Trainee: 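To start, I am sharing the structure in question, which I have written as structure tokens.
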Amino acid sequence: MESQIELIYEEIRGRENAKLIHFIGDLDATNVETVLEKVINLFNDGVVKLVVDFKQLRYVNSTGLGILLHFSKSAKEKGGCFKIANINENVYEIIEIIGAASLLEIYDDLDEAVAAVD
Amino acid sequence: MDISFPYHIKLCFPGNLEYIPAVRKYISELLQISSFSPKFAYRSEIIVDELCNNAVNFGCRAEDARVELECTFFNDRIEFTIKDQGGLKENVDKLRSSLDSPVSGSDSGMMPHQGMGLEIVRMLSEKLDVKIDKENLTSVHVVRKRENSASE
């Protein structure tokens, strides 16, 4: 059975081609394909400026981190961005261990991340 | 709940990724009822997840392959041993190469990479031994010590 993850989307007022996504649950090898498909669909629809709220993301493993890096790279290649806010301490520790903290745009605060979208 | 250390459990599950969330959460809950901290339990959950993912991805060639996870809970540490039933030579070679040259997010090619998983296990544990025998059966032993309450 897949780990539970829910993605809730919000428009970002005043920003074109942008969305805020709240991640809720666990991101691991059993549900990365589902998440990948949802985000790729957004990219294909021209939504390339993404802010993701990890406040309720309890858990990420290396496979989940792999797709976050992939989203960040793809968004930049398409002229957009992939900004992450509200990462909990446990998830941040894993990001740091694999040396990905410097590769991702990480913000302490959601408002700050949203404000940084062009 | 009174727990007397050490105690030992052995889990055997089909070589399919979908079983792993239940396994890792079970170990995490056992640790917490055994008075290990939530942080220790979370880090151990990550270790179990990465070990199980590697066993399934690299070491389950046959459709009915199974993975065996043994955990021994001590007062001051937990020890894991995970065994698979032998993977394809190309998969085992990938595992060997990731052991020889661990990757980081910066050189992972931006896609999921199993080498990152072993690196996480290495960083979160005190001891990591990987044995691959002539028939490509892999056994991984990990020791993780209970941390001081100040660092938890």
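The chains referred to below are lettered A, B, ... by the order of the sequence lines, with proteins before strands, and numbering in each begins at 1. Owing to the predicted nature of the structure, the values given are computational and were not obtained by experimental measurement.
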Trainee: Do A:N61 and A:D28 have side-chain N/O donor and acceptor atoms under 3.5 Å apart?
Mentor: no

Trainee: Flag the one option from B:D49, B:L17, B:L124 with the top tally of heavy-atom pairs under 4.5 Å to chain A.
Mentor: B:D49

Trainee: Any Lys/Arg nitrogen of A:E10 or A:K19 sitting under 4.0 Å from an Asp/Glu carboxylate oxygen of the other?
Mentor: no

Trainee: At a heavy-atom separation under 4.5 Å, does A:N90 approach chain B through its side chain, its backbone, both, or neither?
Mentor: both

Trainee: Show your working on salt bridge (charged side-chain N to carboxylate O under 4.0 Å, His left out) between A:E89 and B:K39 and close with a plain yes or no.
Mentor: CA-CA 10 Å; A:E89 187 190 333; B:K39 183 145 210 152; 2.3 Å; yes

Trainee: Classify the ring geometry of B:F5 against B:F36: parallel below 30°, tilted from 30° to 60°, perpendicular beyond 60°.
Mentor: perpendicular

Trainee: Let me know if A:D26 has heavy atoms under 4.5 Å from chain B in its side chain, its backbone, both or neither.
Mentor: side chain

